[in-house]
Number of protein chains: 2
Amino acid sequence: MSRASHRAYETIRSMILSGELPAGGQLAEEALAERCGVSRTPVRDALRRLESDLLVTRTDTQRSFVADWSLDDVADAFELRAILEGRAARRAAERMTEAAFERIRAANLRISEAIHQPEPDVSGFLDGNRDFHSEILETAGSRRLSALLSTLIEQPVVWRTAHHYSRDALLRSHSEHEELIAAFARRDGAWAEAIMAGHILRAYHAYSDAHRGLAQLDSSRGVN
Amino acid sequence: MSRASHRAYETIRSMILSGELPAGGQLAEEALAERCGVSRTPVRDALRRLESDLLVTRTDTQRSFVADWSLDDVADAFELRAILEGRAARRAAERMTEAAFERIRAANLRISEAIHQPEPDVSGFLDGNRDFHSEILETAGSRRLSALLSTLIEQPVVWRTAHHYSRDALLRSHSEHEELIAAFARRDGAWAEAIMAGHILRAYHAYSDAHRGLAQLDSSRGVN
DNA sequence: CCTGAGACATTTGTATACAATAATGTCCTA
DNA sequence: TAGGACATTATTGTATACAAATGTCTCAGG
(Lines give C-alpha, C1' and ligand atoms only; values in the text may rest on other atoms or scores of the structure.)
Protein backbone atom coordinates (compact mmCIF):
# COMPACT_ATOMS: atom_id res chain seq x y z
CA MET A 1 0.00 0.00 0.00
CA SER A 2 1.22 3.43 -0.79
CA ARG A 3 2.50 5.87 1.70
CA ALA A 4 -0.34 8.28 2.42
CA SER A 5 -3.01 5.64 2.18
CA HIS A 6 -1.15 3.32 4.52
CA ARG A 7 -0.49 6.12 6.91
CA ALA A 8 -4.15 7.10 7.05
CA TYR A 9 -5.13 3.51 7.67
CA GLU A 10 -2.66 2.98 10.47
CA THR A 11 -3.37 6.32 12.08
CA ILE A 12 -7.13 5.98 12.09
CA ARG A 13 -6.92 2.39 13.19
CA SER A 14 -4.73 3.12 16.14
CA MET A 15 -6.88 6.07 17.10
CA ILE A 16 -9.85 3.76 17.16
CA LEU A 17 -8.11 0.98 19.05
CA SER A 18 -6.62 3.33 21.60
CA GLY A 19 -9.99 4.89 22.27
CA GLU A 20 -8.84 8.28 21.08
CA LEU A 21 -11.77 8.12 18.73
CA PRO A 22 -14.64 7.02 20.94
CA ALA A 23 -16.90 4.15 19.94
CA GLY A 24 -19.97 5.42 18.16
CA GLY A 25 -18.31 8.69 17.22
CA GLN A 26 -18.70 10.00 13.71
CA LEU A 27 -15.74 9.87 11.36
CA ALA A 28 -15.79 12.82 9.00
CA GLU A 29 -13.40 12.39 6.12
CA GLU A 30 -12.12 15.93 6.11
CA ALA A 31 -11.36 16.00 9.82
CA LEU A 32 -9.51 12.68 9.58
CA ALA A 33 -7.60 13.92 6.57
CA GLU A 34 -6.34 16.85 8.56
CA ARG A 35 -5.37 14.73 11.56
CA CYS A 36 -3.51 12.29 9.32
CA GLY A 37 -1.85 15.02 7.32
CA VAL A 38 -3.11 13.68 4.00
CA SER A 39 -5.97 14.53 1.67
CA ARG A 40 -9.40 12.98 1.72
CA THR A 41 -8.60 10.49 -1.02
CA PRO A 42 -6.39 8.15 1.02
CA VAL A 43 -8.68 8.63 4.00
CA ARG A 44 -11.55 7.29 1.99
CA ASP A 45 -9.44 4.27 1.09
CA ALA A 46 -8.60 3.71 4.71
CA LEU A 47 -12.21 3.99 5.83
CA ARG A 48 -13.26 1.44 3.26
CA ARG A 49 -10.72 -0.99 4.59
CA LEU A 50 -11.56 -0.32 8.22
CA GLU A 51 -15.15 -0.92 7.32
CA SER A 52 -14.33 -4.34 5.97
CA ASP A 53 -12.41 -4.96 9.21
CA LEU A 54 -15.67 -4.08 10.98
CA LEU A 55 -13.91 -1.39 12.96
CA VAL A 56 -16.01 1.19 11.18
CA THR A 57 -19.66 1.08 10.26
CA ARG A 58 -21.54 3.13 7.70
CA THR A 59 -25.10 4.28 7.87
CA ASP A 60 -27.40 3.78 4.91
CA THR A 61 -26.58 7.36 4.06
CA GLN A 62 -22.85 6.80 3.91
CA ARG A 63 -21.76 8.38 7.15
CA SER A 64 -18.96 6.55 8.93
CA PHE A 65 -18.85 5.85 12.63
CA VAL A 66 -16.53 4.03 14.99
CA ALA A 67 -18.10 0.63 15.48
CA ASP A 68 -18.92 -0.17 19.03
CA TRP A 69 -18.38 -3.79 19.82
CA SER A 70 -20.81 -5.23 22.27
CA LEU A 71 -19.86 -8.23 24.36
CA ASP A 72 -21.94 -10.28 21.96
CA ASP A 73 -19.92 -9.05 19.01
CA VAL A 74 -16.72 -10.08 20.71
CA ALA A 75 -18.11 -13.51 21.53
CA ASP A 76 -19.25 -13.74 17.95
CA ALA A 77 -15.82 -12.95 16.59
CA PHE A 78 -14.12 -15.47 18.81
CA GLU A 79 -16.61 -18.15 17.96
CA LEU A 80 -15.97 -17.68 14.27
CA ARG A 81 -12.25 -17.54 14.83
CA ALA A 82 -12.40 -20.81 16.70
CA ILE A 83 -14.22 -22.45 13.83
CA LEU A 84 -12.02 -21.04 11.09
CA GLU A 85 -8.66 -21.36 12.83
CA GLY A 86 -9.69 -24.87 13.78
CA ARG A 87 -10.32 -25.61 10.14
CA ALA A 88 -7.00 -24.05 9.23
CA ALA A 89 -5.24 -26.28 11.75
CA ARG A 90 -6.92 -29.34 10.28
CA ARG A 91 -5.86 -28.45 6.78
CA ALA A 92 -2.38 -27.57 7.95
CA ALA A 93 -2.01 -30.96 9.62
CA GLU A 94 -3.10 -32.67 6.42
CA ARG A 95 -0.65 -30.69 4.28
CA MET A 96 2.20 -30.35 6.73
CA THR A 97 5.69 -30.41 5.25
CA GLU A 98 8.91 -30.84 7.15
CA ALA A 99 9.95 -27.29 6.44
CA ALA A 100 6.68 -25.80 7.66
CA PHE A 101 6.76 -28.05 10.69
CA GLU A 102 10.18 -26.75 11.61
CA ARG A 103 9.10 -23.15 11.21
CA ILE A 104 6.14 -23.72 13.49
CA ARG A 105 8.33 -25.41 16.09
CA ALA A 106 10.82 -22.58 15.86
CA ALA A 107 8.09 -20.02 16.47
CA ASN A 108 6.98 -21.83 19.59
CA LEU A 109 10.58 -22.05 20.73
CA ARG A 110 10.84 -18.29 20.47
CA ILE A 111 7.69 -18.05 22.55
CA SER A 112 9.23 -20.28 25.16
CA GLU A 113 12.34 -18.15 25.34
CA ALA A 114 10.30 -14.99 25.67
CA ILE A 115 8.31 -16.43 28.53
CA HIS A 116 11.24 -17.74 30.50
CA GLN A 117 12.92 -14.44 30.97
CA PRO A 118 13.16 -13.15 34.53
CA GLU A 119 10.52 -10.64 33.48
CA PRO A 120 8.39 -12.20 30.71
CA ASP A 121 9.00 -10.53 27.36
CA VAL A 122 5.39 -10.00 26.29
CA SER A 123 6.32 -8.30 23.08
CA GLY A 124 8.53 -11.24 22.11
CA PHE A 125 5.75 -13.59 23.06
CA LEU A 126 3.27 -11.80 20.82
CA ASP A 127 5.70 -11.79 17.90
CA GLY A 128 6.27 -15.51 18.22
CA ASN A 129 2.57 -16.07 18.67
CA ARG A 130 1.74 -14.19 15.52
CA ASP A 131 4.33 -16.16 13.58
CA PHE A 132 3.07 -19.43 15.00
CA HIS A 133 -0.49 -18.80 13.91
CA SER A 134 0.38 -17.33 10.56
CA GLU A 135 2.65 -20.26 9.69
CA ILE A 136 -0.27 -22.56 10.33
CA LEU A 137 -2.56 -20.44 8.22
CA GLU A 138 0.06 -20.41 5.47
CA THR A 139 0.41 -24.17 5.60
CA ALA A 140 -3.36 -24.57 5.40
CA GLY A 141 -3.01 -23.20 1.89
CA SER A 142 -6.41 -21.60 1.47
CA ARG A 143 -6.49 -18.04 0.21
CA ARG A 144 -10.10 -17.67 1.18
CA LEU A 145 -9.57 -18.95 4.67
CA SER A 146 -6.74 -16.48 5.08
CA ALA A 147 -8.90 -13.69 3.77
CA LEU A 148 -11.75 -14.51 6.11
CA LEU A 149 -9.53 -14.80 9.15
CA SER A 150 -7.75 -11.56 8.44
CA THR A 151 -10.99 -9.72 9.12
CA LEU A 152 -11.31 -11.46 12.47
CA ILE A 153 -7.78 -11.06 13.74
CA GLU A 154 -6.72 -7.51 14.40
CA GLN A 155 -3.08 -7.54 13.54
CA PRO A 156 -1.58 -4.50 15.32
CA VAL A 157 -1.52 -5.71 18.85
CA VAL A 158 -2.76 -3.48 21.58
CA TRP A 159 0.16 -3.72 23.93
CA ARG A 160 -1.44 -2.19 26.95
CA THR A 161 -3.81 -5.14 27.01
CA ALA A 162 -1.16 -7.70 26.30
CA HIS A 163 0.96 -6.66 29.23
CA HIS A 164 -1.72 -7.72 31.65
CA TYR A 165 -1.24 -11.38 30.85
CA SER A 166 0.11 -13.47 33.67
CA ARG A 167 3.06 -15.78 33.26
CA ASP A 168 0.65 -18.65 33.87
CA ALA A 169 -1.52 -17.61 30.96
CA LEU A 170 1.52 -17.40 28.72
CA LEU A 171 2.74 -20.82 29.83
CA ARG A 172 -0.63 -22.38 29.23
CA SER A 173 -0.76 -20.89 25.77
CA HIS A 174 2.70 -22.26 25.03
CA SER A 175 1.77 -25.74 26.16
CA GLU A 176 -1.35 -25.73 24.00
CA HIS A 177 0.91 -24.87 21.11
CA GLU A 178 3.03 -27.86 22.01
CA GLU A 179 -0.01 -30.06 21.81
CA LEU A 180 -0.82 -28.63 18.41
CA ILE A 181 2.69 -29.46 17.31
CA ALA A 182 2.17 -33.02 18.46
CA ALA A 183 -0.97 -33.21 16.35
CA PHE A 184 0.94 -31.82 13.37
CA ALA A 185 3.74 -34.35 13.89
CA ARG A 186 1.16 -37.11 13.56
CA ARG A 187 -0.61 -35.37 10.67
CA ASP A 188 -3.79 -35.72 12.70
CA GLY A 189 -6.15 -33.10 11.31
CA ALA A 190 -9.06 -33.85 13.62
CA TRP A 191 -6.84 -33.55 16.67
CA ALA A 192 -5.28 -30.33 15.49
CA GLU A 193 -8.70 -28.84 14.79
CA ALA A 194 -9.98 -29.72 18.24
CA ILE A 195 -6.93 -28.31 20.02
CA MET A 196 -6.98 -25.13 18.03
CA ALA A 197 -10.67 -24.49 18.60
CA GLY A 198 -10.18 -25.01 22.31
CA HIS A 199 -7.12 -22.80 22.28
CA ILE A 200 -9.03 -19.88 20.79
CA LEU A 201 -12.06 -20.32 22.99
CA ARG A 202 -9.92 -20.46 26.11
CA ALA A 203 -8.35 -17.19 25.01
CA TYR A 204 -11.82 -15.77 24.63
CA HIS A 205 -12.81 -16.68 28.15
CA ALA A 206 -9.58 -15.35 29.56
CA TYR A 207 -10.37 -12.14 27.75
CA SER A 208 -13.97 -11.91 28.81
CA ASP A 209 -13.12 -12.70 32.43
CA ALA A 210 -10.54 -9.93 32.47
CA HIS A 211 -12.59 -7.34 30.62
CA ARG A 212 -16.10 -7.99 31.77
CA GLY A 213 -17.90 -4.69 31.73
CA LEU A 214 -14.96 -2.65 30.48
CA ALA A 215 -14.44 -1.00 27.15
CA GLN A 216 -14.51 -3.74 24.58
CA LEU A 217 -12.48 -2.54 21.69
CA ASP A 218 -9.15 -4.26 21.61
CA SER A 219 -10.82 -7.56 21.63
CA SER A 220 -10.10 -9.90 18.87
CA ARG A 221 -6.60 -10.55 19.96
CA GLY A 222 -6.16 -12.76 22.97
CA VAL A 223 -3.29 -14.90 24.12
CA ASN A 224 -3.76 -17.69 21.70
CA MET B 1 -23.71 3.14 -2.61
CA SER B 2 -23.76 6.09 -4.86
CA ARG B 3 -24.59 6.05 -8.48
CA ALA B 4 -21.30 6.06 -10.36
CA SER B 5 -19.53 3.91 -7.84
CA HIS B 6 -22.29 1.34 -7.83
CA ARG B 7 -22.44 1.37 -11.58
CA ALA B 8 -18.72 0.75 -11.87
CA TYR B 9 -18.93 -2.11 -9.42
CA GLU B 10 -21.83 -3.81 -11.14
CA THR B 11 -20.41 -3.27 -14.60
CA ILE B 12 -16.96 -4.59 -13.85
CA ARG B 13 -18.35 -7.45 -11.85
CA SER B 14 -20.64 -8.60 -14.58
CA MET B 15 -17.89 -8.24 -17.16
CA ILE B 16 -15.76 -10.52 -15.03
CA LEU B 17 -18.50 -13.05 -14.36
CA SER B 18 -19.58 -13.16 -17.98
CA GLY B 19 -16.05 -13.75 -19.14
CA GLU B 20 -15.98 -10.53 -21.12
CA LEU B 21 -12.91 -9.73 -19.06
CA PRO B 22 -10.84 -12.89 -19.28
CA ALA B 23 -9.40 -14.48 -16.17
CA GLY B 24 -5.87 -13.32 -15.57
CA GLY B 25 -6.35 -10.19 -17.65
CA GLN B 26 -5.10 -6.90 -16.34
CA LEU B 27 -7.59 -4.32 -15.16
CA ALA B 28 -6.36 -0.84 -15.88
CA GLU B 29 -8.32 1.80 -14.04
CA GLU B 30 -8.50 4.24 -16.90
CA ALA B 31 -9.74 1.70 -19.41
CA LEU B 32 -12.40 0.49 -16.98
CA ALA B 33 -13.41 4.06 -16.26
CA GLU B 34 -14.03 4.63 -19.93
CA ARG B 35 -16.00 1.42 -20.38
CA CYS B 36 -18.15 2.25 -17.35
CA GLY B 37 -18.63 5.85 -18.38
CA VAL B 38 -17.34 7.20 -15.08
CA SER B 39 -14.07 8.61 -13.84
CA ARG B 40 -11.27 6.65 -12.22
CA THR B 41 -12.36 7.52 -8.70
CA PRO B 42 -15.44 5.27 -8.52
CA VAL B 43 -13.55 2.60 -10.49
CA ARG B 44 -10.93 2.50 -7.78
CA ASP B 45 -13.67 2.04 -5.20
CA ALA B 46 -15.16 -0.77 -7.20
CA LEU B 47 -11.83 -2.52 -7.63
CA ARG B 48 -11.22 -2.38 -3.91
CA ARG B 49 -14.49 -4.06 -3.28
CA LEU B 50 -14.05 -6.65 -5.99
CA GLU B 51 -10.69 -7.39 -4.48
CA SER B 52 -12.28 -8.11 -1.15
CA ASP B 53 -14.73 -10.36 -3.00
CA LEU B 54 -11.66 -12.17 -4.36
CA LEU B 55 -12.85 -11.56 -7.90
CA VAL B 56 -9.83 -9.33 -8.44
CA THR B 57 -6.29 -9.79 -7.26
CA ARG B 58 -3.54 -7.22 -6.93
CA THR B 59 0.14 -7.73 -7.45
CA ASP B 60 2.59 -6.48 -4.87
CA THR B 61 3.02 -3.52 -7.16
CA GLN B 62 -0.67 -2.59 -7.14
CA ARG B 63 -1.70 -3.81 -10.54
CA SER B 64 -5.14 -5.38 -10.65
CA PHE B 65 -5.99 -8.56 -12.50
CA VAL B 66 -9.07 -10.70 -12.94
CA ALA B 67 -8.66 -13.53 -10.47
CA ASP B 68 -8.66 -16.93 -12.04
CA TRP B 69 -10.35 -19.46 -9.89
CA SER B 70 -8.84 -22.87 -10.04
CA LEU B 71 -10.93 -25.91 -9.27
CA ASP B 72 -9.26 -25.93 -5.87
CA ASP B 73 -10.37 -22.38 -5.20
CA VAL B 74 -13.93 -23.29 -6.00
CA ALA B 75 -13.78 -26.32 -3.73
CA ASP B 76 -12.28 -24.12 -1.09
CA ALA B 77 -15.06 -21.57 -1.32
CA PHE B 78 -17.77 -24.22 -1.12
CA GLU B 79 -16.12 -25.91 1.82
CA LEU B 80 -16.05 -22.65 3.75
CA ARG B 81 -19.58 -21.86 2.74
CA ALA B 82 -20.72 -25.23 4.00
CA ILE B 83 -19.11 -24.57 7.36
CA LEU B 84 -20.36 -21.02 7.73
CA GLU B 85 -23.85 -21.48 6.35
CA GLY B 86 -24.11 -24.57 8.52
CA ARG B 87 -23.23 -22.47 11.52
CA ALA B 88 -25.73 -19.84 10.42
CA ALA B 89 -28.45 -22.50 10.20
CA ARG B 90 -27.61 -23.70 13.70
CA ARG B 91 -27.82 -20.22 15.14
CA ALA B 92 -30.99 -19.52 13.20
CA ALA B 93 -32.63 -22.63 14.60
CA GLU B 94 -31.69 -21.56 18.11
CA ARG B 95 -33.07 -18.07 17.62
CA MET B 96 -36.00 -18.82 15.37
CA THR B 97 -39.08 -16.67 15.83
CA GLU B 98 -42.52 -17.38 14.44
CA ALA B 99 -42.27 -14.43 12.07
CA ALA B 100 -38.91 -15.49 10.66
CA PHE B 101 -40.11 -19.06 10.38
CA GLU B 102 -43.06 -17.94 8.32
CA ARG B 103 -40.88 -15.86 6.02
CA ILE B 104 -38.60 -18.81 5.44
CA ARG B 105 -41.54 -21.09 4.69
CA ALA B 106 -42.96 -18.49 2.35
CA ALA B 107 -39.69 -18.30 0.44
CA ASN B 108 -39.65 -22.04 -0.05
CA LEU B 109 -43.26 -21.92 -1.15
CA ARG B 110 -42.31 -19.45 -3.86
CA ILE B 111 -39.56 -21.84 -4.90
CA SER B 112 -42.08 -24.63 -5.14
CA GLU B 113 -44.36 -22.56 -7.33
CA ALA B 114 -41.50 -21.59 -9.60
CA ILE B 115 -40.48 -25.20 -10.08
CA HIS B 116 -43.91 -26.55 -10.80
CA GLN B 117 -44.56 -24.43 -13.84
CA PRO B 118 -44.87 -26.28 -17.15
CA GLU B 119 -41.47 -24.81 -17.93
CA PRO B 120 -39.55 -24.32 -14.63
CA ASP B 121 -39.14 -20.64 -13.82
CA VAL B 122 -35.44 -20.64 -12.99
CA SER B 123 -35.33 -16.95 -12.33
CA GLY B 124 -38.17 -17.26 -9.85
CA PHE B 125 -36.43 -20.21 -8.27
CA LEU B 126 -33.24 -18.24 -7.78
CA ASP B 127 -35.10 -15.30 -6.28
CA GLY B 128 -36.82 -17.54 -3.78
CA ASN B 129 -33.60 -19.35 -3.09
CA ARG B 130 -31.78 -16.13 -2.34
CA ASP B 131 -34.55 -15.03 -0.01
CA PHE B 132 -34.59 -18.39 1.72
CA HIS B 133 -30.90 -18.31 2.49
CA SER B 134 -30.78 -14.66 3.41
CA GLU B 135 -33.69 -15.02 5.83
CA ILE B 136 -31.76 -17.74 7.60
CA LEU B 137 -28.67 -15.61 7.73
CA GLU B 138 -30.70 -12.73 9.07
CA THR B 139 -32.22 -14.91 11.75
CA ALA B 140 -28.77 -16.14 12.75
CA GLY B 141 -28.17 -12.60 13.91
CA SER B 142 -24.41 -12.39 13.52
CA ARG B 143 -23.05 -9.40 11.68
CA ARG B 144 -19.67 -11.03 11.32
CA LEU B 145 -21.07 -14.23 9.94
CA SER B 146 -23.02 -12.22 7.40
CA ALA B 147 -19.94 -10.26 6.48
CA LEU B 148 -17.86 -13.38 5.99
CA LEU B 149 -20.48 -15.15 3.94
CA SER B 150 -21.04 -12.18 1.70
CA THR B 151 -17.54 -12.62 0.34
CA LEU B 152 -18.27 -16.26 -0.45
CA ILE B 153 -21.65 -15.89 -2.10
CA GLU B 154 -21.62 -14.02 -5.34
CA GLN B 155 -24.97 -12.31 -5.40
CA PRO B 156 -25.60 -11.46 -9.05
CA VAL B 157 -26.52 -14.79 -10.42
CA VAL B 158 -25.08 -15.90 -13.68
CA TRP B 159 -28.25 -16.83 -15.47
CA ARG B 160 -26.70 -18.71 -18.29
CA THR B 161 -25.39 -21.21 -15.75
CA ALA B 162 -28.58 -21.34 -13.76
CA HIS B 163 -30.65 -22.28 -16.76
CA HIS B 164 -28.82 -25.53 -17.12
CA TYR B 165 -30.27 -26.92 -13.91
CA SER B 166 -32.57 -29.86 -14.37
CA ARG B 167 -35.99 -29.97 -12.80
CA ASP B 168 -34.72 -32.85 -10.70
CA ALA B 169 -31.95 -30.73 -9.25
CA LEU B 170 -34.43 -27.99 -8.44
CA LEU B 171 -36.80 -30.43 -6.76
CA ARG B 172 -34.00 -31.93 -4.70
CA SER B 173 -32.96 -28.51 -3.55
CA HIS B 174 -36.54 -27.70 -2.59
CA SER B 175 -36.89 -30.86 -0.57
CA GLU B 176 -33.66 -30.18 1.29
CA HIS B 177 -35.11 -26.82 2.16
CA GLU B 178 -38.17 -28.61 3.53
CA GLU B 179 -35.96 -30.67 5.75
CA LEU B 180 -34.27 -27.52 7.01
CA ILE B 181 -37.67 -26.09 7.80
CA ALA B 182 -38.45 -29.21 9.81
CA ALA B 183 -35.26 -28.69 11.80
CA PHE B 184 -36.20 -25.07 12.38
CA ALA B 185 -39.68 -26.07 13.51
CA ARG B 186 -38.08 -28.22 16.18
CA ARG B 187 -35.46 -25.56 17.02
CA ASP B 188 -32.88 -28.28 16.45
CA GLY B 189 -29.63 -26.45 15.74
CA ALA B 190 -27.48 -29.51 15.23
CA TRP B 191 -29.90 -30.95 12.71
CA ALA B 192 -30.18 -27.69 10.83
CA GLU B 193 -26.42 -27.34 10.69
CA ALA B 194 -25.97 -30.84 9.31
CA ILE B 195 -28.64 -30.43 6.66
CA MET B 196 -27.33 -27.07 5.55
CA ALA B 197 -23.75 -28.27 5.26
CA GLY B 198 -24.88 -31.21 3.18
CA HIS B 199 -27.08 -28.94 1.07
CA ILE B 200 -24.17 -26.70 0.17
CA LEU B 201 -21.76 -29.54 -0.47
CA ARG B 202 -24.26 -31.31 -2.71
CA ALA B 203 -24.57 -28.10 -4.68
CA TYR B 204 -20.81 -28.05 -4.98
CA HIS B 205 -20.67 -31.52 -6.42
CA ALA B 206 -23.50 -30.80 -8.82
CA TYR B 207 -21.50 -27.81 -9.95
CA SER B 208 -18.19 -29.60 -10.24
CA ASP B 209 -19.75 -32.51 -12.12
CA ALA B 210 -21.31 -30.13 -14.59
CA HIS B 211 -18.32 -27.87 -15.08
CA ARG B 212 -15.40 -30.20 -14.78
CA GLY B 213 -12.69 -28.82 -16.97
CA LEU B 214 -14.63 -25.81 -18.14
CA ALA B 215 -14.13 -22.17 -17.30
CA GLN B 216 -14.52 -21.87 -13.60
CA LEU B 217 -15.64 -18.36 -12.94
CA ASP B 218 -19.31 -18.28 -12.12
CA SER B 219 -18.79 -20.71 -9.37
CA SER B 220 -19.82 -19.74 -5.95
CA ARG B 221 -23.48 -19.87 -6.74
CA GLY B 222 -24.97 -23.31 -7.08
CA VAL B 223 -28.49 -24.57 -6.64
CA ASN B 224 -28.59 -24.53 -2.91
C1' DC C 1 23.49 -13.05 -28.39
C1' DC C 2 22.93 -11.60 -23.85
C1' DT C 3 22.72 -7.94 -20.39
C1' DG C 4 21.82 -3.81 -18.19
C1' DA C 5 21.27 1.33 -18.11
C1' DG C 6 18.46 4.73 -19.29
C1' DA C 7 14.74 7.04 -21.78
C1' DC C 8 9.97 6.70 -22.56
C1' DA C 9 5.20 5.02 -21.91
C1' DT C 10 1.85 3.31 -18.92
C1' DT C 11 -0.39 2.91 -14.63
C1' DT C 12 -1.46 4.01 -10.10
C1' DG C 13 -1.50 7.50 -6.04
C1' DT C 14 -2.78 12.00 -4.23
C1' DA C 15 -4.59 16.54 -3.96
C1' DT C 16 -8.06 19.61 -5.06
C1' DA C 17 -12.27 21.71 -6.91
C1' DC C 18 -16.76 21.26 -7.53
C1' DA C 19 -21.36 18.67 -7.58
C1' DA C 20 -24.72 16.09 -5.18
C1' DT C 21 -26.71 14.64 -1.15
C1' DA C 22 -27.87 14.49 3.66
C1' DA C 23 -28.32 16.85 8.15
C1' DT C 24 -29.57 20.90 10.60
C1' DG C 25 -31.72 24.96 11.86
C1' DT C 26 -35.34 28.53 11.13
C1' DC C 27 -39.47 30.31 10.53
C1' DC C 28 -44.19 29.99 9.49
C1' DT C 29 -48.63 27.93 10.14
C1' DA C 30 -52.17 25.48 12.43
C1' DT D 1 -46.33 24.34 20.93
C1' DA D 2 -45.91 20.74 17.26
C1' DG D 3 -45.07 19.99 12.71
C1' DG D 4 -43.56 20.88 8.20
C1' DA D 5 -41.52 23.49 4.20
C1' DC D 6 -37.54 25.83 3.10
C1' DA D 7 -32.89 27.70 3.38
C1' DT D 8 -28.42 26.80 5.22
C1' DT D 9 -24.65 24.06 6.48
C1' DA D 10 -21.98 19.95 6.64
C1' DT D 11 -20.51 15.80 4.46
C1' DT D 12 -19.78 12.72 0.95
C1' DG D 13 -19.31 11.64 -4.27
C1' DT D 14 -17.02 12.54 -8.66
C1' DA D 15 -13.98 14.43 -12.00
C1' DT D 16 -9.65 16.09 -13.14
C1' DA D 17 -4.77 17.40 -12.97
C1' DC D 18 -0.59 16.27 -11.67
C1' DA D 19 2.98 13.42 -9.01
C1' DA D 20 5.06 9.10 -8.18
C1' DA D 21 5.87 4.59 -9.30
C1' DT D 22 6.10 0.78 -12.39
C1' DG D 23 6.71 -1.48 -16.76
C1' DT D 24 8.77 -1.63 -21.46
C1' DC D 25 11.72 -0.78 -25.08
C1' DT D 26 16.03 0.48 -27.16
C1' DC D 27 20.60 0.37 -27.73
C1' DA D 28 25.42 0.30 -26.25
C1' DG D 29 28.84 -2.70 -24.31
C1' DG D 30 30.50 -7.00 -23.37
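Chain identifiers are assigned alphabetically (A, B, ...) following the order of the sequence lines, protein sequences preceding nucleic acid strands; residue numbering begins at 1 within each chain.
The shortest non-hydrogen separation linking A:Ile136 to A:Ala92 is O-CB, 3.6 Å. Residue B:Ala192 comes nearest to B:Leu180 through the heavy atom pair O-CD2, 3.5 Å, listed as atom of the first residue, atom of the second, then distance. Closest non-hydrogen pair, B:Met196 versus B:Gly86, comes out as CG-N, 3.8 Å. Heavy-atom minimum distance, A:Val66 versus A:Ala23: CG1-CA, 3.7 Å. The two residues B:Ala75 and B:Tyr204 come nearest to each other via the heavy atoms CB-OH, 3.4 Å.
Contacts of B:Leu27 with the nucleic acid, taken as non-hydrogen atoms under 4.0 Å apart, involve only primed sugar atoms and P, OP1 or OP2. Nucleic acid contact for B:Arg40: base, since at least one base atom lies under 4.0 Å from a heavy atom of the residue.
Using a 4.0 Å cut-off between charged side-chain N and carboxylate O, A:Asp127 and A:Arg130 make a salt bridge.
When the P atom of C:dT12 is taken as reference, atom CZ of B:Phe65 falls 9 Å away, rounded to whole Å. Nucleotide C:dT11 holds its P atom 17 Å from the CG atom of B:Asp60, rounded to whole Å. Rounded to a whole Å, the CD atom of A:Gln62 is 15 Å from the C1' atom of C:dA23. Protein atom CG of B:Leu32 is 12 Å distant from nucleotide atom C1' of C:dT11, rounded to whole Å. Taking atom CD of residue B:Glu29 and atom C1' of nucleotide C:dT10, one finds them 12 Å apart after rounding to whole Å. Separating the CD atom of B:Glu30 from the P atom of C:dT12 is a distance of 9 Å, rounded to the nearest angstrom. The separation between A:Gln26 atom CD and C:dT24 atom C1' is 12 Å, rounded to whole Å.
A residue-by-residue look at A:Thr41 and A:Thr59 shows that A:Thr41 has its nearest nucleotide of DNA chain C further toward the 5' end. Where B:Ala28 and A:Gly37 each meet DNA chain C at their nearest nucleotide, the meeting point lying more 5' is that of B:Ala28.
For the atom pair CG (A:Leu50) and OG1 (A:Thr57), the distance works out to 11.5 Å, reported to the nearest 0.5 Å. To the nearest 0.5 Å, the span separating CD1 on A:Ile83 from CG on B:Leu84 amounts to 7.0 Å.
Direction change of the helix axis from one end of the helix from C:dC1-D:dG30 to C:dA30-D:dT1 to the other is 20°, with five pairs defining each end axis (rounded to 10°).
Put simply, B:Arg58 has a side-chain N or O that comes within less than 4.0 Å of OP1 or OP2 on C:dG13. The side chain of A:Ser2 contributes no N or O atom lying less than 4.0 Å from OP1 or OP2 of C:dT12.
Each of A:Glu29, A:Glu30, A:Glu34 was scored for a side chain to side chain donor-acceptor pair (under 3.5 Å) with A:Arg40, with one residue passing: A:Glu29.
Once you apply a 4.0 Å limit to the heavy atoms of chain B, the touched nucleotides of DNA chain D run 5' to 3' over D:dG13 to D:dG23.
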